[in-house]
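As the structure is a prediction and not an experimental result, all values here were calculated from the model.
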Amino acid sequence: MDDLAPTLSLRDVVAALESLYPLENAADWDRVGLVVGDLDQPVRRVLFALDPTLAVIDEAREWGADLLVTHHPLLLRGVHSVATSSAKGASVTALVRAAVALWVGHTNADVADPGVSTVLADALGLTDQRPLSTEGANAIGRVGELAMSVSLADFAAAVAAALPDTAGGIRVSGDPDGVVRTVAVMGGSGDDRFDDVRASGADVYVTADLRHHPVLEAREEARGGTPYLVDAGHWATESLWLASGRERLMTALEQVPGATRVESRVSAIRTEPWTFVVGANAARVDRAAPETGGVS
């Protein structure tokens with residue numbers, strides 16, 4: 001890269017990011033925007049990642065990134081120390097020492113168009129897309145149509161093929177032979193949207209982090225029918241957005257007059273926390289129950 005060419009400042013890049021993912025669109029509880037960095041520092045390399053983990057920060061430092069853009073916040077909850085004795089403190093210290101700025105686009109990226117759920121819906125081939133629900137001016141989640149009706153089992157297989165591989169795979173609740181065509185999606189945690197899913201008329205809902213009690217209650221309400229549920233994993237349903245975010249930022253930066261090009265890439269590090277599972281499908285309902293033995 002030509003060191004004599006005029007460079008973009010962090011101020012320029014932050015302005016571009018926040019034109020694409022306005023901070024005011026974030027949820028009230030969220031912590032988005034610039035976390036670490038000097039607005040006057042030059043930016044020549046930008047790394048995108050889902051989570052600002054220590055390994056991702058090391059990758060940014062080793063590659064020579066000037067800016068790390070992540071979906072998940074580093075400091076979502078209040079901290080009272082950034083001493084390196086904690087992972088959060090070590091993260092902040094490493095970023096500052098290496099002059100790597102950190103910018104977060106979380107719920108403001110979720111509700112963007114294209115945003116996290118839009119990219120997920122596109123990956124599943126959904127057409128006639130519309131918001132799952134709205135909050136003020138923000139669209140939450142997506143609903144769309146498959147090109148043709150398929151069985152729930154075939155749909156789940158298509159979801160697995162469309163998303164990055166994960167240790168946990170895909171969890172499904174519903175009749176494998178059930179017919180689905182209208183699909184609701186929500187990247188990341190979505191078990192607080194079951195009322196919206198039912199109101200949308202979706203046959204199946206793809207999201208992540210589905211918990212026992214909300215799922216059990218939702219399936220009871222469905223009386224065994226639709227909407228069926230697919231838990232595709234938090235990392236898998238959100239990580240697809242990174243390439244979209246990178247491409248949109250690069251396009252926006254091309255409009256900055258007189259500035260040199262910026263290198264960018266998506267992190268090669270998988271920040272999915274799970275590493276393996278044991279006994280998957282051992283208790284599938286379509287298998288005969290084992291003999292319990294004993295004497296009557």
Side-chain angles (χ1 to χ4, degrees), residues 20-21 25 50 71 105 107-166 169-210 218-219 222 225-252 266:
L20 299 170
Y21 308 106
N25 290 345
L50 198 67
H71 181 52
T107 51
N108 51 323
D110 287 336
V111 301
D113 188 11
V116 172
S117 292
T118 316
V119 173
L120 175 58
D122 289 344
L124 300 183
L126 303 187
T127 61
D128 300 326
Q129 292 183 25
R130 54 199 181 273
L132 173 60
S133 64
T134 57
E135 291 181 359
N138 292 334
I140 309 297
R142 303 294 283 178
V143 180
E145 307 297 321
L146 297 171
M148 62 181 66
S149 298
V150 297
S151 71
L152 178 60
D154 286 345
F155 174 73
V159 172
L163 300 186
D165 293 335
T166 64
I170 306 291
R171 296 191 300 170
V172 184
S173 182
D175 178 1
D177 295 322
V179 177
V180 300
R181 183 158 190 179
T182 302
V183 180
V185 303
M186 170 78 75
S189 303
D191 65 12
D192 60 343
R193 295 286 169 179
F194 289 143
D195 287 343
D196 296 328
V197 173
R198 283 188 284 267
S200 76
D203 301 311
V204 63
Y205 180 36
V206 180
T207 187
D209 298 345
L210 294 180
R219 295 303 299 141
T226 61
Y228 304 123
L229 304 176
V230 174
D231 186 329
H234 200 119
W235 181 84
T237 57
E238 292 190 329
S239 60
L240 294 177
W241 169 79
L242 297 173
S244 170
R246 187 196 71 81
E247 291 169 7
R248 294 189 76 202
L249 176 61
M250 292 304 100
T251 299
V266 172

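Scanning both residues, Leu229 and Leu210, for their nearest heavy atoms gives CB-CD1, 4.2 Å. Of all heavy-atom pairs between Pro131 and Val143, the closest is O-CG2, 4.3 Å. Here the shortest heavy-atom pairing between Ala208 and Gly233 reads CB-C, 3.3 Å. Here the shortest heavy-atom pairing between Ala252 and Leu20 reads CB-CD1, 4.4 Å. Of all heavy-atom pairs spanning Ala236 and Pro164, the tightest one is O-CD, 3.7 Å. Contact between Val111 and Asn108 at its shortest, heavy atoms only, is CG2-O, 3.8 Å.
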- I would like to know whether Phe155 and Val206 meet side chain to side chain contact (heavy atoms under 4.5 Å, CB included); could you show each step before the answer? CA-CA 10 Å; Phe155 174 73; Val206 180; 3.6 Å; yes

- Task: Evaluate side chain to side chain contact (heavy atoms under 4.5 Å, CB included) for Thr107 paired with Asn25, printing each intermediate quantity in order.
- Result: CA-CA 7 Å; Thr107 51; Asn25 290 345; over 6 Å; no

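Side chain of Arg246 to main chain of Trp241: no donor-acceptor pair is present (N/O by atom type, distance under 3.5 Å, no hydrogens or angles). Using modelled atom types, one side-chain atom of Arg181 and one backbone atom of Ala147 make a donor-acceptor pair closer than 3.5 Å. Side-chain N or O atoms of Asp196 include none that pairs as donor or acceptor with a backbone N or O of Leu132 at under 3.5 Å.
Rounding to the nearest 0.5 angstrom, the gap separating the OG atom in Ser189 from the CG atom in Asp209 is 3.5 Å. Interatomic distance, OH of Tyr21 versus CG of Leu249, reported as 8.0 Å (0.5 Å rounding).
For the side-chain hydrogen bond (donor to acceptor under 3.5 Å, both in side chains) test, residues two or more places apart in sequence or in another chain that qualify with Asp231 are Arg171. Applying the side-chain contact (heavy atoms from CB on, under 4.5 Å) test to Val179 and every residue at least two apart in sequence or in another chain returns Ser149. The salt bridge (Lys or Arg N to Asp or Glu O under 4.0 Å) search around Asp195 returns Arg198, not counting sequence neighbours. With sequence neighbours left out, Ser151 forms a side-chain contact (heavy atoms from CB on, under 4.5 Å) with Ala153, Asp154.
For the pair Asp175/Leu152, no side-chain contact is recorded, criterion being any heavy-atom separation below 4.5 Å from C-beta on. Counting heavy atoms from C-beta on, the side chains of Leu163 and Leu240 come closer than 4.5 Å. Using a 4.5 Å heavy-atom cutoff, the side chains of Thr237 and Met186 are not in contact.
Counting heavy-atom neighbours within 6.0 Å of Asp165 CG, excluding the residue itself, gives a total of 12 or less.
Residue pairs satisfying the side chain to side chain donor-acceptor pair (under 3.5 Å) criterion with at least one member in residues 199-208, sequence neighbours excluded, are absent.
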Side-chain atoms of residues 115-123: list all donor-acceptor pairs with protein atoms under 3.5 Å, sequence neighbours left out, distances to 0.1 Å.
from	atom 1	to	atom 2	distance (Å)
Ser117	OG	Gly187	N	3.2
Thr118	OG1	Gly115	N	3.3
Asp122	OD1	Gln129	NE2	2.8

